[in-house]
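Report on one structure; see the data block that follows.
What you see below is based on every heavy atom in this structure, not just the backbone, and it leaves out hydrogens, waters and symmetry mates.
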Amino acid sequence: MSFDHANILKNGDYMVRGTAADEQLRVFAVTSRGVAETARKAHNLSPIATAALGRTMSAALMMAYMLKGDKDLLTIRIDSDGPLRGLLVTADSHGGVKGYVYHPAVILPAKPDGHLNVGGGIGKGTLTVIRDLDLKNTYTGQIELYSGEIAEDITHYFAESEQIPSSVGLGVLMNRENTVRCAGGFIVQVMPDADEEVVSKLEKNLSGIPYVTDMQREGASPEDILARVLDGFDLHINETVPVRFFCGCSREKTERALLLLGETEIGEIAKMKQGTDLRCQFCGKTYHFSPEQLRRLRMEAASGK
Ligand code: ZN
């Protein structure tokens with residue numbers, strides 16, 4: 001992990017979790033500029049695709065942080081009828097996330113308020129959350145998209161699918177030259193035993209807070225964002241973890257996927273003079289296989305190894 005650690009220090013991305021109001025509120029916040037920018041570069045994303053994916057990756061990081069097991073994974077999948085068509089994001093429980101947008105080059109005019117029209121890019125459809133726990137149990141929850149703006153959709157997911165009243169804020173702000181200027185978000189969840197007073201005070205706070213990226217643009221850290229959302233509450237930050245765009249793909253795993261195609265199929269691909277390039281959907285990395293390497297894999301497939 002030493003390689004990743006260097007990246008973390010360089011991009012400064014991290015998330016925090018904590019509690020407020022005597023543990024009646026569970027809170028998370030993340031700053032993820034480097035995560036969104038890495039995804040943008042890896043997939044050559046348009047600004048609106050960067051915003052849609054960046055917001056979803058921030059949400060997935062915090063939602064995966066809620067999982068208990070070391071190997072637990074959380075996937076958010078959006079399938080929709082807007083020009084972006086949807087996206088897929090997977091996060092692990094310790095700050096790694098990867099993802100892609102189905103139609104990454106879509107460009108749409110901004111909304112009247114100047115914000116990217118993520119809702120218009122996503123359109124109508126479904127949001128599915130898949131939690132893989134202990135490498136064996138899979139829990140899936142699905143809702144109809146509410147606005148396609150992601151934060152509202154995640155809020156509705158928590159209410160409908162997990163019966164946890166939550167407030168979710170997510171944002172990605174682009175620079176003029178279409179690199180990511182800031183990205184991040186927060187999630188505040190109300191525990192079942194929360195007092196009415198706590199809930200109404202939280203609602204009052206939430207009605208008056210600026211957009212996440214407006215706070216970040218003025219230098220707000222995840223802790224600062226939570227302090228603002230939870231103004232007047234006793235906020236306790238319990239843990240901080242670095243976050244990064246991380247894909248576990250490798251040449252070895254790609255070979256194993258190729259082997260699954262079987263002897264005949266691999267033989268067909270091996271006939272191509274240039275060999276073949278296999279691209280990882282999640283991170284865009286390309287693995288080249290020469291005809292000679294493919295013939296070796298065909299023999300391996302034939303011997304049933
Ligand atoms: Zn990959």
Side-chain angles (χ1 to χ4, degrees), residues 7-18 20 25-41 45-65 76 87 89 91 95-97 99 110-111 113-119 121 147 149-155 166-189 202 205-233 235 237 239-245:
N7 265 346
I8 291 152
L9 294 176
K10 201 166 63 189
N11 70 35
D13 285 355
Y14 68 97
M15 63 182 164
V16 298
R17 71 164 151 212
L25 302 174
R26 183 161 80 142
V27 304
F28 302 83
V30 62
T31 181
S32 53
R33 193 204 70 83
V35 166
E37 177 62 12
T38 305
R40 185 195 68 76
K41 278 198 273 196
L45 300 174
S46 70
I48 196 168
T50 308
L53 190 63
R55 290 180 191 179
T56 311
M57 289 194 297
S58 291
L61 279 166
M62 292 185 280
M63 290 164 78
Y65 200 20
I76 299 177
L87 51 83
V89 169
V97 67
K111 294 196 287 190
D113 66 0
H115 283 105
L116 288 162
N117 188 6
V118 174
S147 68
E149 293 282 342
I150 315 296
E152 287 170 323
D153 304 299
I154 301 287
T155 303
S166 310
S167 174
V168 182
L170 301 167
V172 173
L173 180 69
M174 305 301 288
N175 286 311
R176 229 174 256 284
E177 75 277 20
N178 287 339
T179 54
V180 179
R181 179 161 169 190
C182 39
F186 67 84
I187 298 177
V188 176
Q189 299 196 307
L202 176 65
N205 282 7
L206 287 165
S207 69
I209 56 154
Y211 286 110
V212 167
T213 45
D214 285 344
M215 291 190 268
Q216 289 188 311
R217 198 158 51 169
E218 285 162 18
S221 66
E223 292 91 334
D224 295 334
I225 292 169
L226 288 178
R228 186 115 184 221
V229 172
L230 299 158
D231 185 33
F233 287 104
L235 168 65
I237 303 292
E239 202 179 54
T240 300
V241 66
V243 301
R244 69 214 183 282
F245 188 97

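- With respect to the salt-bridge test (charged N to carboxylate O, under 4.0 angstrom), the residues Arg228 and Asp231 do not qualify.
- Here the shortest heavy-atom pairing between Tyr65 and Arg17 reads O-NH1, 2.6 Å.
- Using a cut-off of 4.0 Å between Lys/Arg side-chain N and Asp/Glu carboxylate O, Lys111 and Glu149 are scored as salt-bridged.
- Side-chain atoms of Val229 and Phe186, non-hydrogen and from C-beta on, do get closer than 4.5 Å to each other.
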side-chain contact (heavy atoms from CB on, under 4.5 Å) evaluation trace for Thr240 with Met15: CA-CA 6 Å; Thr240 300; Met15 63 182 164; over 6 Å; no
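- Shown here for Met215 and Pro210, the closest heavy-atom pair between the two residues is CE-O, 3.5 Å.
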Table please: side-chain donor-acceptor pairs of residues 47-54 below 3.5 Å, with sequence neighbours left out.
unit_1	atom_1	unit_2	atom_2	d
Thr50	OG1	Ser46	O	2.7

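- Arg181 CZ to Thr213 OG1: the interatomic distance, rounded to the nearest 0.5 Å, is 9.5 Å.
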From CA spacing to verdict: side-chain contact (heavy atoms from CB on, under 4.5 Å), Ser147, Asp153: CA-CA 6 Å; Ser147 68; Asp153 304 299; 4.1 Å; yes
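- Of all non-hydrogen atoms in Ile225 and Ala220, the two that sit nearest each other are CG1-CB, 4.1 Å.
- Taken to the nearest 0.5 Å, the OG1 atom of Thr56 stands 4.5 Å off from the CG atom of Leu87.
- With rounding to the nearest 0.5 Å, the separation of CG in Asp214 from CG in Leu173 is 8.0 Å.
- In this structure, Val118 and Arg55 have side chains that are in contact, with non-hydrogen atoms separated by less than 4.5 Å.
- Of all the heavy atoms in Gln189 and Ser166, the pair that sits closest is NE2-OG, 3.2 Å.
- Atom OG1 of Thr179 is separated from atom CD of Glu37 by 5.5 Å, given to the nearest 0.5 angstrom.
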Worked verdict on Asp13 versus Arg244 for side-chain contact (heavy atoms from CB on, under 4.5 Å): CA-CA 7 Å; Asp13 285 355; Arg244 69 214 183 282; over 6 Å; no
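- Here the closest heavy-atom approach between residue Val212 and residue Gly185 is recorded as CG1-N, 3.9 Å.
- Residues Gln216 and Tyr211 bring no donor and acceptor atom of their side chains to less than 3.5 Å of each other.
- With Val97 as reference, Leu61 is the one residue of Thr38, Ile76, Leu61 to meet the side-chain contact (heavy atoms from CB on, under 4.5 Å) rule.
- Shown here for Phe233 and Ala20, the closest heavy-atom pair between the two residues is CB-CB, 4.2 Å.
- Between the CD atom of Glu218 and the CG atom of Asp224 there is a distance of 11.0 Å, given to the nearest 0.5 Å.
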Before giving the answer on side-chain contact (heavy atoms from CB on, under 4.5 Å), spell out for Arg26 and Val188 the whole-Å C-alpha distance, their side-chain angles and the decisive distance to 0.1 Å. CA-CA 6 Å; Arg26 183 161 80 142; Val188 176; over 6 Å; no
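- The side chain to side chain contact (heavy atoms under 4.5 Å, CB included) search around Thr155 returns Val168, not counting sequence neighbours.
- We find the CG-CD1 distance between Leu170 and Ile187 to be 7.0 Å, quoted to the nearest 0.5 Å.
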Result block: side-chain N/O donor-acceptor pairs under 3.5 angstrom for residues 28-35, not counting sequence neighbours:
unit_1	atom_1	unit_2	atom_2	d
Ser32	OG	Ser58	OG	2.8
Arg33	NH1	Val180	O	3.1

